[in-house]
There are 4 protein chains.
Amino acid sequence: MSLLDQLLGSQPVLEIFSDKARVQRMLDFEAALAMAESRLGVIPTAAGPAIVSQCMAESIDFQELAKAAVDAGNLAIPLVKQLAALVEHHSPEAAPYVHWGATSQDVIDTGLMLQSRDAISLMVGDLDRLCSLLAELADRHRNTPMVARTWMQHAIPTVFGFKVAGWLDGLLRSRVRLIGLHNQAALQFGGAAGTLAALGTSGLAVAQGIASELKLVLPEIPWHTQRDRIAELATALAALTASLGKIARDIALQSQTEVGELSEPAKAGRGGSSTMPHKRNPVNAAVILAGAEQTPFLAGTVLAAMQQEHERGLGNWLAEWETVPKLFRLSSSALARMLVIMEGLEVHPDRMLQNLELTNGLIYSEAASMALAERLGKKEAHHLMEELSRKAIAEKKHLADVMRDEPRVTQHLDGAALDRVFDPKAYRGEAARFIDRVLAKHNTIVKAVATAKS
Amino acid sequence: MSLLDQLLGSQPVLEIFSDKARVQRMLDFEAALAMAESRLGVIPTAAGPAIVSQCMAESIDFQELAKAAVDAGNLAIPLVKQLAALVEHHSPEAAPYVHWGATSQDVIDTGLMLQSRDAISLMVGDLDRLCSLLAELADRHRNTPMVARTWMQHAIPTVFGFKVAGWLDGLLRSRVRLIGLHNQAALQFGGAAGTLAALGTSGLAVAQGIASELKLVLPEIPWHTQRDRIAELATALAALTASLGKIARDIALQSQTEVGELSEPAKAGRGGSSTMPHKRNPVNAAVILAGAEQTPFLAGTVLAAMQQEHERGLGNWLAEWETVPKLFRLSSSALARMLVIMEGLEVHPDRMLQNLELTNGLIYSEAASMALAERLGKKEAHHLMEELSRKAIAEKKHLADVMRDEPRVTQHLDGAALDRVFDPKAYRGEAARFIDRVLAKHNTIVKAVATAKS
Amino acid sequence: MSLLDQLLGSQPVLEIFSDKARVQRMLDFEAALAMAESRLGVIPTAAGPAIVSQCMAESIDFQELAKAAVDAGNLAIPLVKQLAALVEHHSPEAAPYVHWGATSQDVIDTGLMLQSRDAISLMVGDLDRLCSLLAELADRHRNTPMVARTWMQHAIPTVFGFKVAGWLDGLLRSRVRLIGLHNQAALQFGGAAGTLAALGTSGLAVAQGIASELKLVLPEIPWHTQRDRIAELATALAALTASLGKIARDIALQSQTEVGELSEPAKAGRGGSSTMPHKRNPVNAAVILAGAEQTPFLAGTVLAAMQQEHERGLGNWLAEWETVPKLFRLSSSALARMLVIMEGLEVHPDRMLQNLELTNGLIYSEAASMALAERLGKKEAHHLMEELSRKAIAEKKHLADVMRDEPRVTQHLDGAALDRVFDPKAYRGEAARFIDRVLAKHNTIVKAVATAKS
Amino acid sequence: MSLLDQLLGSQPVLEIFSDKARVQRMLDFEAALAMAESRLGVIPTAAGPAIVSQCMAESIDFQELAKAAVDAGNLAIPLVKQLAALVEHHSPEAAPYVHWGATSQDVIDTGLMLQSRDAISLMVGDLDRLCSLLAELADRHRNTPMVARTWMQHAIPTVFGFKVAGWLDGLLRSRVRLIGLHNQAALQFGGAAGTLAALGTSGLAVAQGIASELKLVLPEIPWHTQRDRIAELATALAALTASLGKIARDIALQSQTEVGELSEPAKAGRGGSSTMPHKRNPVNAAVILAGAEQTPFLAGTVLAAMQQEHERGLGNWLAEWETVPKLFRLSSSALARMLVIMEGLEVHPDRMLQNLELTNGLIYSEAASMALAERLGKKEAHHLMEELSRKAIAEKKHLADVMRDEPRVTQHLDGAALDRVFDPKAYRGEAARFIDRVLAKHNTIVKAVATAKS
């Protein structure tokens, strides 16, 4: 592992995409292939178990593998050679049947599918935990007044729970995408050019055997150079990372010294600066944003690599080999870091309330305009509020005070009505119902997961 | 329209994304909003129809709109202003209720959703026609021998129909994605900051009214800064274009003068060169490839723009405005051009057969090795074939002749058996069954479409 | 022009890349070609002027051009056809010599080079104006105390002029790149496959003639499929836009309601919201950021399109046709918008000073630590300051007060020394000299420009 | 090192970007800093050498470093901590002066600059070797007739040397860019927020000291968040890789079984297939193309990451840490692989000649038309050749034969003239002079390098 792996990656997913796991998943394919073929009598009955018994990454010489790949052009050719040598050593008669009827891309693509499915499983677990934390957070803060900001400027009042519900809503859609990808993980098995020609009329049966052994979907046809499955994976991971990036961006903005509404959970040694004791750098947000900065380009790489020539591409297929694992690393790391944040996010409702007051009541001008519109008509109310807002700014007064002194206002709105206008909890429209709708959607998923587990 | 629009675009989709259609779709939102609100009594009953009657792009001053947008920062603000002025002129009492409770992003996003849905409808139609052509082509050439190529080198024999079935398979998955996007097209309606605060407790009811009017999905919560829906659209279009690009790439390669297996349909004036009469430039493939070159980056742009700040982004939302239409333009144009190709693709089975012979029989070496393996064991067979292949190359003989002269071969394989090895139609494994599987999937879709229509 | 062009583009550069200007620049190539050839006797002497006289975009039927390009695959073929028809009509004997020896790509690439050079000229003018404004701003605020922020958190004090000098420094490097590109704009002229074969032994002389006519660099060899020149253009524009985007990002952050240190220049109707009178949306920053969001992907597109096949690419060349103009549009628009900002940027030194106080003196803790280190040693000083900072936070006191009450401090630092520590103007190291270095570099350029003009 | 590193990387550049070298280069900065400061009396005279003596990557606990970085958010903080502990152990009085006045970004950025400069040095060496091979190749094949191809179709005859000269021309421009980057490698040194405040009035002097120690350029001002230098590096590497990708693409196309004009150098075990003895997979081209597929997106990542906030970015700076090394790895690997190709490229002039004959003489139609035009006028000649070409195609005759039988031809062109038209060596215009111009440019560089070395 490299120095930056832990900083920029999530340990369990790093392991799934480690060299060892990569090789093991390729060997899992070889094992399933051998078993399927021996069961069907395509290769001798004894050859299957003999091959399977050697399919352990521990037996592989990785240095030799890396070196041989330089001229072979991929890992499968030298790996199969090593496997065959191992089998040759233990059960010479089985050795010729290693990799029987398969091609390098079958091994590599199926291996990647297995790694991807494992990683998605883990990530869905993290995502479920994160969504539950967000659901609680949204519910807890359904009445916490806060400034809504558009164009990075104060707009109108809102509640923090509504913002969190929006975050959650995006992630729930990502969950649906990930589950879909998990369930569609497909076998790759086509032999030299997709037709399984070397297996005569047993090809499809062998394919079915492998797919059932590895619990993968048997595709209609091998997809050596139809890479939309990989692209769908890549873009779903990029979209997830971007949704997490959006949350991290909001948190970073709300954690600014001047804003102070949120802080990443404090931890000794995290994000601190020895000479600047007031600093608490949002390290987790930074790592998430670093991921979100890169994943759109990595997804683009996979999309661009889809034009794979004829029955096996030249170069473009290779371009996936590091790109897809990197997408997993960055997205899973963003997920893990967001989980760290949400497990201890510090929310400061006092600062949220304070910030609502920063504009001397102007943030309530839409609310005031709407309240007056019922009596004056929209246009009249609007013009009046424009005038009063200008006055409040010019005289550096609070808008509430300006309105209380204005007969054109007070003849329509009494003191209580004006208090309602400037009540930070009052002007929030459908926030509660929108929160409830998102929580209900979340609940449905939680229940479905519980049912599936029981 | 610009000079390059027709060359690089498809007319019907260009029209959906024309300035006029863009404005009309924004006005459609305003009309639906006004109707929903007047029906619910949120605005006066008469105001709804009065506003609706002015929601015609024809009445809009586009020059003024373009100019006013420079300072407004978007098209919605000046458009609403123009609309309000029109209503003011015809029904002054309704004018204050134009755009009641909505925000610019509601208009613009919903307008984009409507345009997108229209475009997807058209594109699914084209895609269905294209898939049917490919299905026929795959079926027609299920026995047309051809070279399979890997790493851009001859590999083993295959049939052209198998290749076409692979193309079709990828497109069928794109169809599923497009239909999903079509059906999930969602309303955007949240007012200034998503809470619909200006509508008090009527917000959700109004939202339901608009959604039902425009036949859009009512989302759980407004998605002003949760842009994964847009990203899903963008990446699906990019994946479609890439799948088309892969086909175009294959066709271009097979149309090379030296290969000559396919030609784009001939047409007077298309792709010709005045001084080089032998040239028939694959113009349609070129346009498709030009699209596939750009769409991964455009999809990446949309993914990168997902980190929209707080309740309305700064800059990143604007980055979608031209990017999404361009994705539609390039993908629909790639689709239309592929349809032109497939309506008249010239297939040259004679050249396909000829190319199979280019390696003096070496392309059958895997087949030969497999045939011998049944008798000699895989290893023995393999070594023998290596030796004979080297001999064929060194002596510039056809591999069949070398084998016919070789006792170690002839004692196992008689003349008929050897003929089978070198029969271009013989070594194709599961090609037919794979083709059938893809055609069956296609058939299911065709039937579902027919049922839906009837 | 499209509805969004003015909002997202800069008028003069839009015009350079308009359909008409594009066609005129292509005709300029045809004119220069004809003149060079007639002068050299490659075509009849009279043919040159006869052709030149028809090279006016006004005479071209644009609708026909756009339509004919669909099958021709580019604009040059139908344009040359129209030009030949015009010449045929006025000077029939000259008509056969239109486009003599040239290929479509010669016309299109050279046309693009001419447009690019024009656009760069304009942009360098804007950039020079912008740099002068920034130089003045840096100088004016060389003593304006401000918070320096790292990780989006308060770090230590700085001066606003130092920040501006950093902005300027980046732009000065962009200027160097643009000038380089301007001066290297190269002729494209190679005929059908780069060898100018149709011109026999006159090819290079004709090339020299055209280059000198159009004041373009004569390249060592035609560069039809060596596209690094285009990529250098694209990446330089993207880097410029990103540098502008960085400034816009800073301004947007400093314009936040809670920060309030900067505002875009106010203008009636710009960035306002009818119902939220306190809002002043940073519209110019938004457009700049929208550009900076897209240009990295557009530059990537051009880099990816560099793998153009053989002597004329398939598809990838086409991918440049809209991408390069779009890069110009977005970068020139970002430049023009930044000029608007800098012509009226509102700087609020009072808010800058206020923000320095937000951490109750903690922002001076590095300064305090350094002052104590001279007496206590770094380690001791550091530990003491950590302790006092914690105390200040816990007791909600200003750090200065805590230090004044602490004997371990006061035995080393007297009142005056402590005042210096907490003087917002004191702790700024080499800020002034760094500003001077950047201003000196700017001055050198200003003088060189003045000299060149005089 | 990971399993794929050797396959997809070049060993010497992998080492420059290894964990150990990364750490060593960071320590080199710390050593230079300490020396400069002790010489200037900023820290005690003895502290400099005491710190320098511990700046060895061998002493660093890498596992601890990787782990500590997770919360620290970068490698510099824990590295400095380890270094300080080492110094503390050996020379306790020097320990407080480790990293004196510097910030994490100073260490990391300067370290990256040093690694980059080392890598560029190596790469320029490789590039020079490659260019010399290409220069020889261009010269050797200046008279080797070959088909020029446009739109992936036969166009007109050319010579192979001309094509190679085009390849070389692009690479020579990349060389200029790399040298520029090498010479502009700049120190990063600004302290906490760029002003070097902690060093009082000695900051600039220390900066000069470090720059001179490390032989780096002293920039006008620290560039913590002005990242165009990094972007220039990234885009230059991407452009180089793309130029190499273009060559690899051409080679792959010319190596197709049907074309057979070029082959990668043969080597036992490279690119072979055990069951398909005729295959010689262009493994080197594939790796180059895999690099060229990814680098445009990596360069885009760096451009997008330029919008770094305020005085230190959040996330975007982190996005560079793996992206820039990956760009170096892919570009240097592409370079090394191209060197392998060019050291043994097999050129098959016989196949080139054969391919020229594939169109039955039609490839000479432009030449014929030009020859006739001198007598008949361009228009007449053109019409006649169109007629004769159609006839040749229809009657499946060689165009030369059709022309020899045609009185309208023979009255103007005698047998010898016709032979010249169909001479594959005749119609090549300025190919030789263009080759010479490129070789002359190459020669100038070679001489300059020799002079610099002597």
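This one's a predicted model, so the numbers in the text were calculated from it and none came from an experiment. Here is how names work: the chains are called A, B, and so on, in the same order as the sequence lines, proteins then strands, and each is numbered from 1. Side-chain atoms are counted along with the backbone in the values below, which use heavy atoms only and exclude waters and symmetry mates.
D/Leu399 does not touch chain B: none of its heavy atoms, backbone or side chain, sits under 4.5 Å away.
The residues D/Glu258 and B/Arg351 are annotated as not salt-bridged, no charged nitrogen and carboxylate oxygen being separated by less than 4.0 angstrom.
B/Thr257 contributes no side-chain N or O that, together with a main-chain N or O of D/Gln153, makes up a donor-acceptor pair within less than 3.5 Å.
Closest of all the heavy-atom pairs between B/Trp151 and D/Ala286 is CZ3-CB, 3.4 Å.
Atom CD in B/Gln256 sits 6.0 Å away from atom CG in D/Leu253 (nearest 0.5 Å).
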